[in-house]
Amino acid sequence: MANTKSIHGEWSSRFAYILAATGSAVGLGNIWKFPYITGENGGGAFVLVYLACVVAIGIPIMIAETMMGRRGRQSPINTLATLSTEANANSNWHFLGWMGVIAGMLILSYYSVIAGWANAYVFKAIFGGFSADALEVKASFDEFIASPVKLVFWHTVFMIATMSVVMRGVKSGLEKAVQLLMPTLLFLLLLLVAYAMTTGEAYFKGLSFLFSPDFSEIDGDAVLTAMGHAFFTLGLGMGAIMVYGSYLPSGVSIAKTSLYIAGADTVVALLAGIAIFPLVFANGLEPGSGPGLIFQTLPIAFGNMTGGWLFGILFFVLLVFAALTSSISLIEPVVAWLVENKGYTRVKASIVSGTATWALGVSVALSFNVWSDFTIFGKTIFNFLDYLTANLMLPIGGFCIAVFAAWIMHEKHVKEELGLPEQQYAIWKFLASYVAPASVFLVFLHVVGVF
Ligand code: PHE
């Protein structure tokens with residue numbers, strides 16, 4: 001066994017790890033992104049592809065990534081260096097760690113801007129309450145994102161919050177916050193689902209949009225988006241779950257915990273979809289309205305329901321917290337590396353990496369208003385970074401992780417870390433060696449038009 005403990009500390013229990021890793025998985029991806037990309041990509045068929053990717057690609061790779069983290073016990077870059085030495089493999093594998101570190105910062109730069117929207121909506125909820133009228137709700141959202149000052153301000157607030165949590169390290173604060181947050185978030189989502197049921201016919205329209213697949217609605221790019229989203233929502237392919245795995249006490253079952261985490265993540269996404277699409281149809285909104293979708297729908301529900309003022313505040317507070325428990329995992333890989341290799345304190349490492357990420361995030365905030373005409377490969381800065389990370393970097397990272405775990409590492413070491421009965425091990429091994437990498441590869445070939 002390499003090291004038995006990370007220098008950065010360790011989760012206090014198996015349960016604490018599950019909460020933290022679920023916190024990393026459940027975030028804006030589930031509540032903000034899943035509904036709007038499902039809306040943009042025609043609904044049911046997209047959802048099915050996404051679910052298939054979670055099962056066939058996501059779960060095996062989550063197991064692989066966590067396993068590598070726990071064995072390496074360091075930041076992803078150094079973990080890959082250590083593990084490739086252990087496997088007598090090429091040391092260039094550590095560049096995979098670098099790609100992850102960079103992907104994490106790129107994702108956080110726009111993640112923080114959107115989390116800032118949620119943060120702003122907490123205050124909108126407190127001071128204005130939400131209007132019950134769909135047009136007013138939309139107008140208020142449009143007015144909000146047209147303001148560069150507001151977007152940059154809330155982005156800054158969120159980045160400061162992220163850095164302050166990360167500075168404190170693995171255990172304090174983080175673990176406790178998540179314990180309270182997850183159950184409350186689930187409760188509020190169920191409440192929104194119950195509200196959605198009151199929309200009558202629209203409720204069934206919403207369900208059928210989500211769950212009756214029409215494959216003529218999706219093309220190669222939609223399949224790529226669904227696959228990329230499976231990585232994004234589970235937090236895979238960039239070292240977040242690897243670094244969390246490095247703080248995992250030995251002896252905890254990686255396969256079992258991965259199943260819980262993926263299950264919880266999927267349930268939250270589906271509930272968000274079930275809550276949102278009935279509102280979309282009941283109010284004559286476009287399912288494909290893009291990143292503003294939840295900000296243009298959920299306020300209507302809060303504006304209409306009894307107690308909506310309080311629930312609206314609570315919901316957006318929880319959304320901010322859900323985003324925070326993900327954002328800290330996005331920046332933890334680079335922070336851990338700065339501490340290990342540059343000798344920085346956690347405080348300094350958080351400030352340096354956070355400031356760089358913040359600066360990039362400012363350009364994302366501006367891409368929604370003053371720089372909306374500036375494009376890279378035909379995409380705004382926000383769309384470009386989202387596509388580059390979620391659709392390309394995470395699947396490529398995940399592909400390499402599967403290959404490393406299944407083909408490069410010594411099987412004896414993998415078995416030792418996973419501790420699975422022979423038959424279950426064989427299933428994982430098959431998925432990680434063949435199914436997951438081949439699926440990623442085929443989707444890429446399809447997108448570039450090879451078949
Ligand atoms: N999984 C998070 C979400 O759904 C985002 C994330 C992506 C976190 C990649 C870590 C790594 O919001």
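Indexing begins at 1, ligand by ligand and atom by atom, following the structure's order.
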Chi angles and distances behind the ring-ring contact (aromatic ring centres under 6.0 Å, His included) call for Tyr244, Tyr17: CA-CA 8 Å; Tyr244 275 18; Tyr17 164 74; 7.4 Å; no
Stepwise, does the side-chain hydrogen bond (donor to acceptor under 3.5 Å, both in side chains) test hold for His8 with Gln74? CA-CA 8 Å; His8 308 282; Gln74 298 151 82; over 6 Å; no
Trp337/Trp98 under ring-ring contact (aromatic ring centres under 6.0 Å, His included): CA gap, chis, key distance, verdict: CA-CA 10 Å; Trp337 181 78; Trp98 273 108; 4.7 Å; yes
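In this structure, Lys348 satisfies the cation-pi test against Tyr344, with its NZ or CZ atom closer than 6.0 Å to the six-membered ring centre and inside 45 degrees of the ring normal. For the pair Lys124 and Phe130, the cation-pi criterion (under 6.0 Å, within 45° of the ring axis) is not fulfilled.
Residue Ser329 touches ligand 1 through its side chain alone, judged by heavy-atom distances below 4.0 Å. For Phe231, no heavy-atom contact with ligand 1 is shorter than 4.0 Å.
Residue Leu330 has no nitrogen or oxygen atom sitting less than 3.5 Å from a nitrogen or oxygen atom of ligand 1, judged on distance alone. Inclusion of Ala25 in the set of residues having an N or O under 3.5 Å from an N or O of ligand 1 is warranted. Residue Met238 has no N or O atom closer than 3.5 Å to an N or O atom of ligand 1. Any N or O atom pair closer than 3.5 Å counts here, and Phe232 shares at least one such pair with ligand 1.
The residue from Trp32, Tyr36, Tyr50 that alone fulfils the ring pair (Phe, Tyr, Trp, His ring centres under 6.0 Å) condition with His229 is Tyr50.
Ring geometry for Phe382 against Phe368 counts as tilted: the plane angle lies between 30° and 60°, on a 0 to 90° scale.
Rounding to the nearest 0.5 Å places CG of Leu270 at 9.5 Å from CG of Asn30.
The shell of residues lying under 4.0 angstrom from ligand 1, judged by heavy atoms, excludes Trp32.
Residue Leu28 has at least one heavy-atom neighbour below 4.0 Å for each of these atoms of ligand 1: 12 (O). Atoms of ligand 1 lying under 4.0 Å from at least one heavy atom of Gly27, given by number and element, are 3 (C), 4 (O), 12 (O).
Protein heavy atom closest to atom 2 (C) of ligand 1, with residue, atom name and distance, is Ser24 O, 3.2 Å. The closest protein non-hydrogen atom to atom 12 (O) of ligand 1 is Tyr111 OH, 2.5 Å.
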